[in-house]
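Here it is: the structure, laid out below.
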Amino acid sequence: MPLRFFNTYSRALEEFHPLDPTGREVKMYTCGPTVYSHAHIGNFRAYLFEDLLQRHLELREFKVHRVMNITDVDDKTILGSRSAGVPLAEFTAPFKQAFFEDLDTLRIERADSFPEATDPRQIAAMIEMIKTLMARDLVYQADDKSVYYRINKFPEYGHLAHFDLSELRSTGRVKSDEYDKEHVGDFALWKAWDEADGPVKWESPWGPGRPGWHIECSAMATQLLGEQLDIHCGGVDNIFPHHEAEIAQTEGCTGKKFVRYWMHCAHLMVDGQKMSKSLGNFYTLRDVLAKGYSGREVRYALMRVHYRAPLNFTWEGMEESREALRRIDDWLARLRAKAEEDNVQRPTPKAFASGASNIQRPTEEGSGFEDALDDDLNISGALGVLFETIRETNRALDLGMLDPNAASSWLQWWQRIDRVLAISGEETAALSAEISAIAEARVQARLAKDWRKSDELRDELAAKGWEARDTKDGQKITRRDGV
RNA sequence: GGCGGGGUAGCCAAGUGGUAAGGUCGGGGUCUGCAAAACCUCUAUUCGCGGGUUCGAUUCCCGCCCCCGCCUCCA
């Protein structure tokens, strides 16, 4: 099955083939966070979509080179550092650190590099690009000393968003600097220093100032990945103007097609509205963890809906995710137990009904999961395959028709698909002395058929986050919730 | 107004021109001291609404309604 993705540029599903002649190297750029506060889970939905994309490409044996930028200078970081009365770098440092911690919590693979906007090398690269664009008359310095892109000189501008420039309206959301610009749509590449910037400034051929947001990504992407990218991702709100501006800047410099596949994910919603800092309707990852949920539970909850569909965040959805993971955990525990049994060949108790033999080994089901992801990352379809597999193998286990070798095969299948999902729980949670003691006491109570005491101890374990189950092989103790 | 995304069971959500995956919740059952887990079973004659094409449409075409986003801070 061919790998195909929905390209925002063409608004169509396209087969994916990287530019690399060997067809294996993939250059991927993903817009990262602005570190003026903690990222919220809406931001992480985008990063999780990108993680799913990277992991699936890797499962399909592509070598992914990925860059994610860190925006550590802009209006909000400057404002924050001034309010806090500390230098800019000191203000942003803890948010950078928190961002990486959150990535780990969510099991998001690290990009190859996370360039920072204030890195002198990156600033130099941005200035070089602006100089090139200036020489080509694509940008100009306005009366306010800032440098703007002359969008009328770049006919492609607006193609990604399918916007007609003459239709652009000013929404009044940002400081109006229209008097300085030739066209209301012209965007800043270099922002001239002003009082509000305090000590934050860099020297440039156009005077002191700081880079605009868009030029950051153009410079970093070309610096670290080259002039042409295979994939560029972000949230749909980045399509215009950010990615449009990146195209204008980069192609204005190189004259080459900048990005071959544009991929954008839909928003995370809260109460039917986009989750955003400005609306105040957001949760940080830390907020959700504080409610007792684990990183993998959040990961699952944010990843289980197709990336191009809006996803409404609810606590009910978190509970559904927790239960779904519990089902997976219990299934894996059963498979592991079966796989550890001795591998002596036993006579099959009764013949499987016709067609049931294919449950003995992962075959069609195995490819079904990956085929679904090949189809524009159809995660719901892939999870459907997983849960059908779980039901069928559980049934076979119930009937005593899954031997240890088959259980091992299914565990191997799981390990492969979990390279993409990354939602495995702890294989064995260590039992504390306290829990072991209660569990042992319960075993004794059961031997004495003291059901009342047995039930009390079960409740006690539950209160401490452990579940006791009585199986034909004896009592099983399992860690529950937030693992 | 322009450009997009979405409307499928209580909730979440796949999907196909031939009659609706999966998860979760709830009901019934097997098992169990009781539970839990697992399995079986029930829960959309129906896929926003109205037309059209077709032997047949949720799936294609036309029109309409509703929700959300972007239109220069935004993942």
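Remember, it's a predicted structure, so these values are computed and weren't measured experimentally.
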Using a 3.5 Å limit for the pairing distances, which stems of at least 3 consecutive Watson-Crick or G-U wobble pairs does RNA chain B take part in?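 As far as RNA chain B goes, consecutive pairing (with distances under 3.5 Å) yields the stems B:1-7 with B:65-71, B:10-12 with B:22-24, B:26-30 with B:38-42, B:48-52 with B:60-64.
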Separation of atom CG in A/L386 from atom P in B/A21, rounded to whole Å: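 Distance check: A/L386 CG to B/A21 P gives 18 Å.
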Solution key, residues 263-275 of chain A side-chain donor-acceptor pairs under 3.5 Å, sequence neighbours excluded:
{"residue": "A/H264", "atom": "ND1", "partner": "A/T8", "partner atom": "OG1", "Å": "2.7"}
{"residue": "A/H264", "atom": "NE2", "partner": "A/H243", "partner atom": "ND1", "Å": "2.8"}
{"residue": "A/H267", "atom": "NE2", "partner": "A/D237", "partner atom": "OD2", "Å": "3.2"}

Applying ring-ring contact (aromatic ring centres under 6.0 Å, His included), run through A/H40 and A/Y283 and close with a yes or a no. CA-CA 5 Å; A/H40 60 66; A/Y283 296 104; 9.8 Å; no
side-chain N/O A/R327 vs B/C25 OP1/OP2, d < 4.0 Å: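 It does not, given that no N or O in the side chain of A/R327 lies less than 4.0 Å from OP1 or OP2 of B/C25.
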Applying salt bridge (Lys or Arg N to Asp or Glu O under 4.0 Å), can you list everything that pairs with A/K153, at least two apart in sequence or on another chain?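 Residues passing salt bridge (Lys or Arg N to Asp or Glu O under 4.0 Å) with A/K153: A/D137.
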Using the P atoms only, state how far B/G2 lies from B/U58, rounded to an integer number of Å.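 Approximately 30 Å lies between the P atom of B/U58 and that of B/G2.
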For the residue pair A/E101 and A/Q97, confirm or rule out a side-chain donor-acceptor distance under 3.5 Å.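 A/Q97 and A/E101 do have a side-chain donor-acceptor pair below 3.5 Å.
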Could you tell me if the side chain of A/Y300 sits less than 4.5 Å from the side chain of A/L383, heavy atoms only?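 Touching, per the 4.5 Å side-chain cut-off.
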Length of the line joining A/W315:CH2 and B/C25:P, which is rounded to integer Å: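 A/W315 atom CH2 is separated from B/C25 atom P by 18 Å.
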Figure out the NZ/P separation between A/K476 and B/A36, and round it to whole Å.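 Result: 18 Å.
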Can you list, pair by pair, the side-chain donor-acceptor contacts under 3.5 Å of residues 70-79 of chain A, counting residues two or more places apart and other chains?
{"residue": "A/T71", "atom": "OG1", "partner": "A/N69", "partner atom": "ND2", "Å": "3.2"}
{"residue": "A/T71", "atom": "OG1", "partner": "A/E216", "partner atom": "OE1", "Å": "2.9"}
{"residue": "A/D72", "atom": "OD1", "partner": "A/A117", "partner atom": "N", "Å": "3.3"}
{"residue": "A/D72", "atom": "OD1", "partner": "A/T118", "partner atom": "N", "Å": "3.0"}
{"residue": "A/D72", "atom": "OD1", "partner": "A/T118", "partner atom": "OG1", "Å": "3.3"}
{"residue": "A/D72", "atom": "OD2", "partner": "A/K96", "partner atom": "NZ", "Å": "3.0"}
{"residue": "A/D72", "atom": "OD2", "partner": "A/T118", "partner atom": "OG1", "Å": "2.7"}
{"residue": "A/D74", "atom": "OD1", "partner": "A/K76", "partner atom": "N", "Å": "3.2"}
{"residue": "A/D74", "atom": "OD1", "partner": "A/T77", "partner atom": "N", "Å": "2.8"}
{"residue": "A/D74", "atom": "OD1", "partner": "A/T77", "partner atom": "OG1", "Å": "2.7"}
{"residue": "A/D74", "atom": "OD2", "partner": "A/K76", "partner atom": "N", "Å": "3.4"}
{"residue": "A/D75", "atom": "OD1", "partner": "A/R210", "partner atom": "NH2", "Å": "2.5"}
{"residue": "A/T77", "atom": "OG1", "partner": "A/D74", "partner atom": "N", "Å": "2.7"}
{"residue": "A/T77", "atom": "OG1", "partner": "A/D74", "partner atom": "O", "Å": "3.0"}

Got a sec, which residues hit side chain to side chain contact (heavy atoms under 4.5 Å, CB included) with A/A161, two or more places apart in sequence or on another chain?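 Side chain to side chain contact (heavy atoms under 4.5 Å, CB included) list for A/A161, sorted by chain: A/F163, A/I239, A/F240, A/E244.
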Atom CG of A/L383 and atom C1' of B/U24: how far apart are they, to the nearest Å?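 My rounded result for the distance is 13 Å.
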Rounded to whole angstrom units, what separation is found between the CD1 atom of A/I423 and the P atom of B/G23?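 Atom-to-atom, A/I423 to B/G23, this comes out as 14 Å.
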Using the test side chain to side chain contact (heavy atoms under 4.5 Å, CB included), find all partners of A/S278 that sit at least two apart in sequence or belong to another chain.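 In terms of side chain to side chain contact (heavy atoms under 4.5 Å, CB included), with neighbours along the sequence ignored, A/S278 is linked to A/S276.
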RNA chain B: 5'-proximal contact among A/E467 and A/D375 (nearest heavy atom):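 Mapping each residue to its closest nucleotide by heavy atoms, the 5'-most match is A/D375.
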Using atom CZ of A/F313 as one end and atom P of B/C68 as the other, report the distance to the nearest whole Å.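 Taking CZ of A/F313 and P of B/C68, I get 20 Å after rounding.
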By the 4.0 Å heavy-atom rule, please label A/D75 as base, sugar-phosphate, or nothing.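 The answer is nothing, as A/D75 stays clear of every strand by at least 4.0 Å.
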Under 4.0 Å between any heavy atoms, over every strand shown, what does A/A468 touch: base, sugar-phosphate, or nothing? Just pick one.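 Base, at least one base heavy atom under 4.0 Å.
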Contact string for nucleotides 3-14 of chain B, one letter per nucleotide 5' to 3', B = base within protein heavy-atom range under 4.0 Å, S = sugar-phosphate only, - = neither, reads SSS----BBSSS
Nearest-angstrom distance from the residue atom CZ of A/F240 to P of B/C70: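 The distance from CZ of A/F240 to P of B/C70 comes to 13 Å, rounded to the nearest Å.
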Quick one: label A/G317 by what it contacts on the DNA or RNA (base, sugar-phosphate, nothing), any heavy atom closer than 4.0 Å.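 Result for A/G317 = nothing.
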I'd like the C1' distance from B/C39 over to B/G6, given in whole Å.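 Taking atom C1' in both B/G6 and B/C39, they lie 36 Å apart.
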A/K191: what forms a side chain to side chain donor-acceptor pair (under 3.5 Å) with it, not counting sequence neighbours?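 Side chain to side chain donor-acceptor pair (under 3.5 Å) check on A/K191 returns nothing, list empty.
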Residues in salt bridge (Lys or Arg N to Asp or Glu O under 4.0 Å) contact with A/E467, at least two apart in sequence or another chain: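 Partners of A/E467 by the salt bridge (Lys or Arg N to Asp or Glu O under 4.0 Å) criterion, ordered by chain and then number, come out as A/R469, A/R480.
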Give me the distance, rounded to whole Å, that separates B/G50 from B/A36 when you measure between the P atoms they each carry.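 B/G50 and B/A36 have their P atoms separated by 43 Å.
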Could you please name the option among B/C68, B/C70, B/G23 that lies closest to any side-chain atom of A/F387?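 Among the listed nucleotides, the one closest to the side chain of A/F387 is B/G23.
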Tell me every residue that passes salt bridge (Lys or Arg N to Asp or Glu O under 4.0 Å) with A/D375, counting only those two or more places apart in sequence or in another chain.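 Checked A/D375 against salt bridge (Lys or Arg N to Asp or Glu O under 4.0 Å); matches are A/R4.
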Quote, to the nearest angstrom, the C1' distance that separates B/C68 from B/G29.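 Their C1' atoms lie roughly 43 Å apart.
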I'd like to check A/I231 versus A/Q54 (side-chain heavy atoms, cut-off strictly below 4.5 Å). Are they in contact?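 No - every pair of side-chain heavy atoms lies 4.5 Å or more apart.
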Using the C1' atom in both, what is the distance from B/A20 to B/A14, to the nearest Å?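 Comparing C1' positions in B/A20 and B/A14 gives a spacing of 10 Å.
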Looking only at atom P, what distance separates B/U59 and B/U16, rounded to whole Å?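 That atom pair is separated by 13 Å.
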Write down the distance between CD (A/E244) and P (B/G2), rounded to a whole number of angstrom.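 Taking CD of A/E244 and P of B/G2, I get 19 Å after rounding.
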Side chain of A/E323 - closest among B/A38, B/C71, B/C25: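 Nearest listed nucleotide: B/C25.
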Pairwise C1' distance for B/C64 and B/A9, with rounding to whole Å: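 After rounding to an integer number of Å, I get 25 Å for this pair.
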Which one, B/A36, B/A21, B/C39, comes nearest to the side chain of A/E388?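 Nucleotide nearest to A/E388's side chain: B/A21.
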Pick the C1' atom in B/G18 and in B/C12, then give their distance to the nearest Å.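 Each nucleotide's C1' atom is 28 Å from the other's.
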List in chain and number order the residues that pass salt bridge (Lys or Arg N to Asp or Glu O under 4.0 Å) with A/D102, two or more places apart in sequence or in another chain; answer none if no residue qualifies.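 Checked A/D102 against salt bridge (Lys or Arg N to Asp or Glu O under 4.0 Å); matches are A/R286.
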Which pairs, protein N/O on one side and nucleotides 30-34 of chain B N/O on the other, fall under 3.5 Å?
{"residue": "B/G33", "atom": "N7", "partner": "A/R446", "partner atom": "NH1", "Å": "3.4"}
{"residue": "B/G33", "atom": "O6", "partner": "A/R446", "partner atom": "NH1", "Å": "2.5"}
{"residue": "B/G33", "atom": "O6", "partner": "A/S454", "partner atom": "OG", "Å": "3.4"}
{"residue": "B/G33", "atom": "N1", "partner": "A/D455", "partner atom": "OD1", "Å": "3.0"}
{"residue": "B/G33", "atom": "N2", "partner": "A/D455", "partner atom": "OD2", "Å": "2.8"}
{"residue": "B/C34", "atom": "O2", "partner": "A/R458", "partner atom": "NH2", "Å": "2.7"}
{"residue": "B/C34", "atom": "N3", "partner": "A/R458", "partner atom": "NH1", "Å": "3.1"}
{"residue": "B/C34", "atom": "N3", "partner": "A/R458", "partner atom": "NH2", "Å": "3.4"}
{"residue": "B/C34", "atom": "N4", "partner": "A/D470", "partner atom": "OD2", "Å": "3.0"}

